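Working notes, structure below.
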Amino acid sequence: DVQLVESGGGSVRPGGSLNISCTASEFMPTGSCMGWFRRAPGKDREGVARIATGSGNTYYADSVKGRFTISQDNAKNTVYLQMNSLKPEDTAMYSCAADFTCRGRWYVAYEYNYWGQGTQVTVS
């Protein structure tokens with residue numbers, strides 16, 4: 001099974017930036033997508049962004065458009081989420097996920113095959 005490991009979370013002041021990363025244990029199949037989700041205490045898990053590993057096409061939640069950027073380094077099997085202009089409401093556990101088919105709704109968690117353990121982002 002593919003293992004996904006996130007890193008780079010932490011605490012930051014409102015308006016600050018963080019760059020979190022997700023590294024896969026093996027090369028992702030052609031046509032895969034990688035997504036970032038987050039879950040804040042007491043709230044449902046929310047799709048944040050997704051990138052198609054082949055085409056590089058991206059999708060973002062409206063709440064993060066213009067502030068967050070998802071990118072990839074295929075040579076390193078790594079996906080990044082650059083988060084700028086962070087707000088307290090961005091506080092959550094951020095998890096990456098892999099979808100080998102990239103055919104489903106990008107923001108739906110059950111469309112993804114593998115998940116990382118998550119990295120905490122706190123904005124206060």
Side-chain angles (χ1 to χ4, degrees):
D1 287 352
V2 174
Q3 306 294 321
L4 302 176
V5 179
E6 302 95 337
S7 62
S11 296
V12 65
R13 297 287 193 185
S17 298
L18 277 176
N19 189 13
I20 58 177
S21 62
C22 170
T23 300
S25 58
E26 58 189 71
F27 185 74
M28 299 301 295
T30 300
S32 296
C33 285
M34 297 292 293
W36 283 102
F37 287 75
R38 66 185 181 185
R39 176 173 278 167
K43 294 187 177 181
D44 291 335
R45 183 159 47 190
E46 174 190 20
V48 176
R50 186 176 86 168
I51 188 166
T53 58
S55 67
N57 288 340
T58 58
Y59 296 89
Y60 295 94
D62 288 343
S63 58
V64 306
K65 279 182 182 177
R67 300 189 298 121
F68 290 12
T69 302
I70 188 170
S71 62
Q72 61 185 349
D73 184 338
N74 288 339
K76 297 181 179 180
N77 297 336
T78 299
V79 173
Y80 305 94
L81 187 67
Q82 175 66 41
M83 303 182 290
N84 299 328
S85 302
L86 282 161
K87 305 174 182 179
E89 51 263 44
D90 294 317
T91 295
M93 179 69 74
Y94 284 72
S95 299
C96 68
D99 172 5
F100 283 178
T101 66
C102 209
R103 294 174 186 169
R105 293 164 292 177
W106 74 268
Y107 51 88
V108 176
Y110 67 70
E111 300 284 3
Y112 292 78
N113 309 99
Y114 299 98
W115 289 81
Q117 292 297 310
T119 185
Q120 178 68 35
V121 172
T122 301
V123 185
S124 65

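Only this structure's heavy atoms are used, side chains among them; waters, hydrogens and symmetry mates stay out. It should be emphasised that the depicted structure is a prediction, and the values quoted were computed from it without experimental measurement.
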Review item, side-chain donor-acceptor pairs of residues 2-10, under 3.5 Å, at least two apart:
unit_1	atom_1	unit_2	atom_2	d
Glu6	OE1	Gln117	N	3.1
Glu6	OE1	Gly118	N	2.8
Glu6	OE2	Cys96	N	2.9
Glu6	OE2	Gly118	N	3.2
Ser7	OG	Ser21	OG	2.8

What are the two closest non-hydrogen atoms of Ala52 and Gln72, and how far apart are they?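 Between these two residues, the closest heavy atoms are O-NE2, 3.5 Å.
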Non-hydrogen side-chain atoms of Met34 and Cys22 separated by less than 4.5 Å:
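They are in contact (side-chain heavy atoms under 4.5 Å apart), so the answer is yes.
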Q. Got Tyr60 and Arg67 here, is their nearest side-chain heavy-atom distance under 4.5 Å?
A.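 They are not in contact (no side-chain heavy atoms under 4.5 Å apart), so the answer is no.
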Exercise. Any luck finding a side-chain donor-acceptor pair between Thr91 and Thr122 under 3.5 Å?
Worked result: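 No, because no side-chain N or O of Thr91 sits under 3.5 Å from a partner of the opposite role on Thr122.
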- Query: Pairs in or reaching into residues 91-118: which pass salt bridge (charged side-chain N to carboxylate O under 4.0 Å, His left out), with residues at least two apart or in two chains?
  - Reply: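 For residues 91-118, and leaving out neighbouring residues, the salt bridge (charged side-chain N to carboxylate O under 4.0 Å, His left out) pairs sorted by first residue read Arg50-Asp99.
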Item to check | Qualifying salt bridge (charged side-chain N to carboxylate O under 4.0 Å, His left out) pairs with a residue from residues 30-41, counting only residues at least two apart or across chains | outcome: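 For residues 30-41: Arg38-Glu46, Arg38-Asp90.
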Pairs under 3.5 angstrom only: tabulate donor-acceptor contacts from the side chains of residues 80-89 to other protein residues two or more places apart or in another chain.
unit_1	atom_1	unit_2	atom_2	d
Gln82	NE2	Asn84	OD1	2.8
Asn84	OD1	Ser17	OG	2.9

What's the separation between atom [atom1] in [X] and atom [atom2] in [Y], rounded to the nearest 0.5 Å?
X: Met28; Y: Thr78; atom1: CE; atom2: OG1; answer: 11.5 Å
X: Asp1; Y: Asn113; atom1: CG; atom2: CG; answer: 10.0 Å
X: Phe68; Y: Leu18; atom1: CZ; atom2: CG; answer: 9.0 Å
X: Tyr94; Y: Thr119; atom1: OH; atom2: OG1; answer: 10.5 Å

Self-check item: Transitive ILVMFWY side-chain link Ile20 to Tyr114, under 4.5 Å
Solution: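 In one cluster: yes.
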Inset, instruction - Following the transitive rule for hydrophobic clusters with a side-chain heavy-atom cut-off under 4.5 Å over Ile, Leu, Val, Met, Phe, Trp and Tyr, establish whether Ile70 and Val64 coincide in one cluster. - result: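 Cluster IDs for Ile70 and Val64 match.
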Exercise for the section: For residues 4-51, pull every pair meeting ring-ring contact (aromatic ring centres under 6.0 Å, His included), keeping only residues two or more places apart or in separate chains. Expected result: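 Qualifying pairs: Phe37-Tyr112, Phe37-Trp115.
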Check: Going through the checks in order, is the side-chain hydrogen bond (donor to acceptor under 3.5 Å, both in side chains) test met by Ser32 and Thr53?
Finding: CA-CA 6 Å; Ser32 296; Thr53 58; 4.7 Å; no
For the aromatic rings, using the six-membered ring if either is Trp, is the centroid distance between Tyr107 and Tyr59 under 6.0 Å?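 That pair fails the under 6.0 Å test.
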| request: Can you tell me which residue pairs pass the disulfide (SG to SG under 2.5 Å) test with a partner in residues 23-78, sequence neighbours excluded? | output: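 Sorted pair list: Cys33-Cys102.
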